[in-house]
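Worksheet: the structure to be examined is printed underneath.
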Amino acid sequence: MAALGRDAIKVGRPLDREGGLREFDILAGRGFISFLAVPRHECVHVCNVTCYG
């Protein structure tokens, strides 16, 4: 995600807005990563990783 740079505020859910807490599907939809991208500080904070099954 850090390789996305400033575009990290646009990936994942919610689809209708940029910024804020984002969710990105992993493992073919069997989990997701919750993260907060902070372009001003040039960093990504991973808040939660959830895997199902």
Side-chain angles (χ1 to χ4, degrees):
M1 285 184 288
L4 293 171
R6 295 192 181 273
D7 291 333
I9 63 172
K10 300 176 186 176
V11 299
R13 294 184 302 262
L15 300 174
D16 60 340
R17 61 185 159 87
E18 295 180 0
L21 187 65
R22 314 290 298 170
E23 290 183 351
F24 186 73
D25 289 336
I26 58 171
L27 303 172
R30 295 180 306 188
F32 61 91
I33 298 174
S34 298
F35 67 96
L36 181 63
V38 186
R40 179 178 55 203
H41 295 170
E42 297 181 355
C43 64
V44 174
H45 299 279
V46 175
C47 303
N48 189 25
V49 178
T50 303
C51 296
Y52 303 108

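The structure places CD of E18 at 9.0 Å from CG of D7, a figure rounded to the nearest 0.5 Å. Remark: R22 CZ to L15 CG distance equals 7.5 Å, nearest 0.5 Å. Remark: C51 SG to R30 CZ distance equals 8.5 Å, nearest 0.5 Å. Put simply, CZ on F32 and CZ on R13 are 7.0 Å apart, with the number rounded to the nearest 0.5 Å. Rounding to the nearest 0.5 Å places CZ of R6 at 6.0 Å from CD of E42.
Scanning both residues, C47 and L21, for their nearest heavy atoms gives SG-CD1, 3.8 Å.
With I33 as reference, I26 is the one residue of D25, N48, I26 to meet the side chain to side chain contact (heavy atoms under 4.5 Å, CB included) rule.
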- Task: Report the C-alpha separation of V11 and F35 in whole Å, then their side-chain angles, then the decisive distance to 0.1 Å, and conclude whether the side chain to side chain contact (heavy atoms under 4.5 Å, CB included) test is met.
- Result: CA-CA 10 Å; V11 299; F35 67 96; 3.6 Å; yes

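With hydrophobic clusters built from ILVMFWY side chains whose heavy atoms lie under 4.5 angstrom apart, L4 does not share a cluster with L36.
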